[in-house]
Amino acid sequence: MKGWGCLALLLGALLGTAWARRSQDLHCGACRALVDELEWEIAQVDPKKTLQMGSFRINPDGSQSVVEVPYARSEAHLTELLEEVCDRMKEYGEQIDPSTHRKNYVRVVGRNGESSELDLQGIRIDSDISGTLKFACESIVEEYEDELIEFFSREADNVKDKLCSKRTDLCDHALHISHDEL
C-alpha cells in the first residue's frame, strides 16, 4: 500500500503543476488581451478631446482651479473602458504554441466585427474558452484596477511586459512570448 500512496502523491503533484501552468497561461493571456483592447480603445479617441478636471472650490480671487486633461487617458474614460473591456474576450481563441506547449490567446474577430485575416488553423474557438478568458479578465480588472488606471493614464512603452510580467507577475516572461513580439 505504501507504493500506492507515493504514486498518488506524485500524480497529485504533477496534476497540480499542470493546473498551475494552465492557470498562469490563462491569466497571462487575459492580461495581454486586456492590454491590447485598452490600447486600441484609447487610440480610437480624438487626441484633441479633453475633460475638465478640478476643484469646485472658489479661490480667494474668485476663480476656480480647473485643468483640462486628455479624455482618452482620463480616469473617467479608463474606468468606463474597464467596465466593458472583458466582454471582448469572446472575440479571442486559444492556440497552443508548438514549441513551448503553452496556451496563447489570439483575436479571431476583426475590430470591425468581421472574421480576422489571421490563419485560424490550430486555434480553438468555443464558448468555454471565451467564458473562461472573460472570467480571468474580470478577475484581473477587479484585483488590479488601480494599476491599470495608473499605467494607462499616461503613455508608456511595453505596457504588456511592464504590467503583465513585472507589476502583476501574471506572466512568466521567459516562457511566454506573444506573436507580436516575434
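Numbering starts at 1 and runs along the sequence shown. The shown structure was predicted, so the numbers you read here are calculated from the model rather than taken from an experiment.
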- Task: Look only at the side chain of K162 and the backbone of D157, and say whether a donor-acceptor pair between them is shorter than 3.5 Å.
- Result: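 Yes.
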
- Query: Atom OG of S74 and atom CG of L81: how far apart are they, to the nearest 0.5 Å?
  - Reply: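 Spacing of OG (S74) from CG (L81) equals 8.5 Å.
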
- Out of curiosity, M89 CE to T132 OG1, how far, rounded to the nearest 0.5 Å?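 M89 CE to T132 OG1: 13.0 Å, rounded to 0.5 Å.
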
Specify the closest pair of heavy atoms between [X] and [Y], including all atoms of both residues, with the distance to one decimal.
X    : Y    : value
R124 : D126 : NH2-OD2, 3.2 Å
I149 : L78  : O-CD1, 3.7 Å
S130 : K90  : CB-CA, 3.5 Å
I140 : A30  : CD1-CB, 3.8 Å
Y105 : D25  : CE1-O, 3.6 Å

Would you check if [X] and [Y] make a side-chain contact, meaning some heavy-atom pair closer than 4.5 Å?
X    : Y    : value
L38  : V159 : no
V108 : E91  : no
W40  : R111 : yes
I123 : E94  : no
C28  : R32  : yes
F151 : L163 : yes

- Test: E39 and K160 ion pair at under 4.0 Å: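 No.
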
- Message: Check this for me, if you would: do R88 and E41 make a salt bridge, where the nitrogen-to-carboxylate-oxygen distance has to be below 4.0 angstrom?
- Response: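 Answer for the salt bridge query: yes.
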
- Message: Do V85 and F152 land in one hydrophobic cluster if side-chain heavy atoms of ILVMFWY residues count as linked below 4.5 Å?
- Response: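 V85 and F152: one cluster.
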
- Query: What about V141 and L26, same hydrophobic cluster or not, with Ile/Leu/Val/Met/Phe/Trp/Tyr joined at side-chain heavy-atom distances under 4.5 Å?
  - Reply: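 They do not share one cluster, since no chain of ILVMFWY contacts under 4.5 Å joins V141 to L26.
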
- Task: Go through the steps for V45 and H77 under the test side-chain contact (heavy atoms from CB on, under 4.5 Å), then give the verdict.
- Result: CA-CA 10 Å; V45 176; H77 182 239; 3.5 Å; yes

- Item | Test: C171-C164 SG spacing under 2.5 Å |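 No, no disulfide: SG-SG not under 2.5 Å.
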
- Show the numbers, then the answer: is there a side-chain contact (heavy atoms from CB on, under 4.5 Å) between I42 and R73? CA-CA 7 Å; I42 289 168; R73 295 188 180 276; 3.9 Å; yes

- Tell me, which pairs form a side chain to side chain donor-acceptor pair (under 3.5 Å) where one or both residues lie in residues 134-152, sequence neighbours left out?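 Found D87-K134, E150-R167.
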
